[in-house]
Number of protein chains: 2
Amino acid sequence: MSGPAQRRITIKEVAEAAGVGVATVSRVLSGGSASPETREKVFAAAARLDYRPSALGRNLRRQRTGGVGLLVPDITDSFYARLADGVLSCARSYGEPVTIGVTGDDPEREAELIGALIEQSMDRLIAVPSGDGDMWAPALRAGLNVVFADRRVRTDVPSVVPDDRAGVLTAVEYLAGLGHRRIAFLARHGQSQRVTAFLDATASLGLPVDRDLVVHARASRDSAYAAAAGLLQNHSDVTAVLAGGNVLGEAAVLAARELDVRVPRDVSLIMFDDVPWAELCSPPLTVIAQPAQDIGYRAAELVLRQGRRPPTVTLPTRLVVRASCGPRVAPRRSS
Amino acid sequence: MSGPAQRRITIKEVAEAAGVGVATVSRVLSGGSASPETREKVFAAAARLDYRPSALGRNLRRQRTGGVGLLVPDITDSFYARLADGVLSCARSYGEPVTIGVTGDDPEREAELIGALIEQSMDRLIAVPSGDGDMWAPALRAGLNVVFADRRVRTDVPSVVPDDRAGVLTAVEYLAGLGHRRIAFLARHGQSQRVTAFLDATASLGLPVDRDLVVHARASRDSAYAAAAGLLQNHSDVTAVLAGGNVLGEAAVLAARELDVRVPRDVSLIMFDDVPWAELCSPPLTVIAQPAQDIGYRAAELVLRQGRRPPTVTLPTRLVVRASCGPRVAPRRSS
DNA sequence: ACCACTCATGGAAACGATTCCATCATGATT
DNA sequence: AATCATGATGGAATCGTTTCCATGAGTGGT
């Protein structure tokens with residue numbers, strides 16, 4: 001049942017109960033100066049009436065909304081969920097509510113959500129941007145305080161990102177060290193940072209550089225599976241695969257199993273992002289762990305802290321060796 | 001860099017630009033009646049100035065905030081992430097923003113978050129409640145419009161829950177059908193519904209009812225692992241385990257592997273909640289799938305739709321047979 | 001004794017929207 | 001032709017808070 005919706009008590013009633021003016025109540029409650037006895041009276045009245053200041057009134061007057069917005073492509077993806085958890089954890093310590101929206105990696109939906117947040121007078125936003133940087137111009141002009149997380153698409157917006165370059169290099173070096181020469185990269189659209197890092201890494205290690213070895217997929221599970229299956233079927237010469245994220249890794253494992261490709265005997269597999277199931281998988285997956293939670297936390301710190309904001313924070317990745325990579329034996333026979 | 005924070009345009013400026021009064025602008029923009037030419041002028045002016053009504057002003061006047069609050073124990077848990085996704089998906093179609101908070105299954109933190117939401121004048125809340133129902137009395141008295149998801153702790157609050165009773169019964173029947181007689185239930189604290197359903201199910205199937213076969217854990221991974229390991233070590237007579245949720249199932253798989261208990265040869269394992277990795281696991285896990293997303297969606301519908309609200313919606317679960325359950329062979333030898 | 005200065009205090013304006021109500025014009029009915 | 005009903009329209013009040021400014025009291029210095 002919805003109750004009788006008892007009216008909330010306002011600052012005016014507190015003022016009356018305390019026998020002072022509303023201005024004084026406001027001042028005392030926000031830590032301004034007042035005489036000790038007045039403070040006492042106000043606090044007593046406020047406590048007695050269980051007064052809760054209305055954020056609406058405050059924000060309207062102050063011309064800024066307390067909370068922070070958070071835009072992620074998919075809250076169901078463990079990586080973004082952990083990122084969101086970091087944001088929430090930091091925001092909680094500041095006492096700020098966070099309003100979340102899922103973009104589905106669709107720039108159009110993203111723009112809609114930004115509009116909705118502006119309508120709410122949110123002036124602080126943490127986003128995993130979907131499209132390219134151009135579409136952010138209007139939002140920035142509107143005075144929105146933006147921090148990018150996980151991806152950096154504009155240099156004039158503070159960003160917190162994993163060290164893609166080092167992560168990719170570590171993975172490729174590890175595979176090369178095991179003797180692999182034809183290594184494929186299973187990438188999600190928009191991972192241009194990692195793609196160039198991958199091409200640079202293979203080149204710098206003297207491996208053959210072949211753009212065909214970079215396979216792209218959209219963010220959905222279906223698209224990832226199709227890309228993974230296509231890769232394993234059409235490139236029988238690759239002996240190692242680097243997956244650019246956990247859903248791509250999942251798709252690779254599934255596709256390999258379906259196509260009867262043994263991991264790591266037939267092909268070695270290494271995945272970006274450490275997820276709980278990586279250890280449960282058979283074989284347990286070797287991964288490049290990303291500090292998803294830290295990324296969120298740091299991004300929230302950046303957007304909540306008032307001070308100067310460094311242009312970009314890069315957080316280290318870490319190679320976690322499990323059992324999905326082995327020495328190169330022989331190229332698989334052609335299909 | 002933060003721009004010059006260009007001031008947002010107000011309804012007053014639109015009125016001036018259109019040559020009409022503010023009341024007329026408000027009326028036109030919210031679909032009220034007006035003469036065709038006035039409508040035209042107002043729409044033109046609003047579009048030209050790119051006018052966005054301030055939700056703050058509107059909500060202050062209307063005495064209610066548009067958005068809905070969402071309280072989950074842990075956004076990192078796939079189940080709650082999918083539930084949240086359902087809520088977000090429904091809320092998006094209503095154009096309502098969602099403010100999310102994680103309770104960590106801690107009633108105290110939950111109470112804090114409720115307070116924060118009330119401060120924001122949120123009057124609609126979807127919650128996976130942490131403690132018992134008593135602590136919700138103040139919130140309900142404050143006129144909050146609450147819908148419970150996943151757990152029902154009060155009969156006077158509409159709730160959307162999975163069919164625990166049927167799910168547990170299906171699982172136990174399945175295991176009993178394979179010949180298992182001593183079945184353990186690995187439960188999270190607070191899953192009293194499922195525990196009683198479990199005891200009822202075992203009793204109704206003529207299996208020995210033994211409260212020691214119900215092992216409790218807190219929500220954390222560590223606690224779950226400890227409980228799972230303890231169960232497998234101390235009860236060498238159990239031949240099948242039902243895990244009450246995905247983190248418990250994960251812990252069971254890990255503990256079994258660590259203790260060299262083979263699944264399903266030594267013990268059969270069945271888990272509540274179907275997660276993507278259940279299929280990647282070795283062996284692939286047989287699960288009781290729960291419609292997490294639907295639960296969230298339906299809960300959001302309930303809280304957003306104005307009409308009468310049914311007391312409880314129960315959503316069906318589904319047995320997905322994979323490879324983690326086998327026929328009972330022989331009790332494991334005592335440790 | 002007077003002035004200058006500090007300090008606590010409360011009234012009132014402001015924030016941006018909605019909505020009540022009065023006003024006015026127009027068309028219809030008697 | 002006078003009256004009534006209808007509908008469009010804008011002024012002003014309102015929501016709950018913060019903050020500017022004026023007022024008045026008290027203090028210390030010359």
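Letters A, B, ... are given to chains in the order of the sequence lines, protein chains preceding strands, and every chain is numbered from 1.
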Rounding to an integer number of Å, can you tell me how far E119(A) CD sits from dG16(C) C1'?
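The distance from CD of E119(A) to C1' of dG16(C) comes to 13 Å, rounded to the nearest Å.
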Nearest-Å distance for atom pair CG/P, residues N59(B) and dT18(C)
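So the CG-P distance, N59(B) to dT18(C), works out to 10 Å.
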If an axis is fit to five pairs at each end of the helix from dA1(C)-dT30(D) to dT30(C)-dA1(D), what is the angle between the two, to the nearest 10°?
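End-to-end axis angle: 60°.
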Counting only heavy atoms not in R298(B), do more than 12 sit closer than 6.0 Å to its CZ atom?
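Atom CZ in R298(B) is not packed in, count stays at 12 or less.
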Do F148(A) and V128(A) have side chains that approach each other closer than 4.5 Å (heavy atoms only, starting at C-beta)?
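Side-chain contact under 4.5 Å: no.
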For the residue pair L144(A) and I114(A), establish whether any side-chain heavy-atom pair is separated by less than 4.5 Å.
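Sidechains of I114(A) and L144(A): in contact.
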Side-chain N or O of [X] versus OP1/OP2 of [N]: is the shortest distance under 4.0 Å?
X: S33(B); N: dA8(D); result: yes
X: S35(A); N: dT9(C); result: yes
X: T38(A); N: dT9(C); result: yes

Each nucleotide of nucleotides 13-21 of chain D classed B (base within 4.0 Å of a protein heavy atom), S (only sugar-phosphate) or -, in 5' to 3' order, makes BBBBBBB--
When S130(B) is tested against each of R151(B), E110(B), R109(B) for side-chain hydrogen bond (donor to acceptor under 3.5 Å, both in side chains), which residue passes?
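So, applying the side-chain hydrogen bond (donor to acceptor under 3.5 Å, both in side chains) to S130(B) and each of R151(B), E110(B), R109(B), only E110(B) qualifies.
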Give a yes or no on whether the backbone of S78(A) and the side-chain of T76(B) come within a donor-acceptor separation of less than 3.5 Å.
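It does not hold such a pair.
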Name of the residue among I9(B), V14(B), T10(B) meeting side-chain contact (heavy atoms from CB on, under 4.5 Å) with K12(B):
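Considering I9(B), V14(B), T10(B), a side-chain contact (heavy atoms from CB on, under 4.5 Å) with K12(B) is found only for T10(B).
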Show your reasoning for whether side chain to side chain contact (heavy atoms under 4.5 Å, CB included) applies to L304(A) and V68(A).
CA-CA 8 Å; L304(A) 286 171; V68(A) 347; 3.7 Å; yes
For S159(A) and T312(A), does a side-chain donor sit closer than 3.5 Å to a side-chain acceptor?
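Absent: no donor and acceptor within the cut-off.
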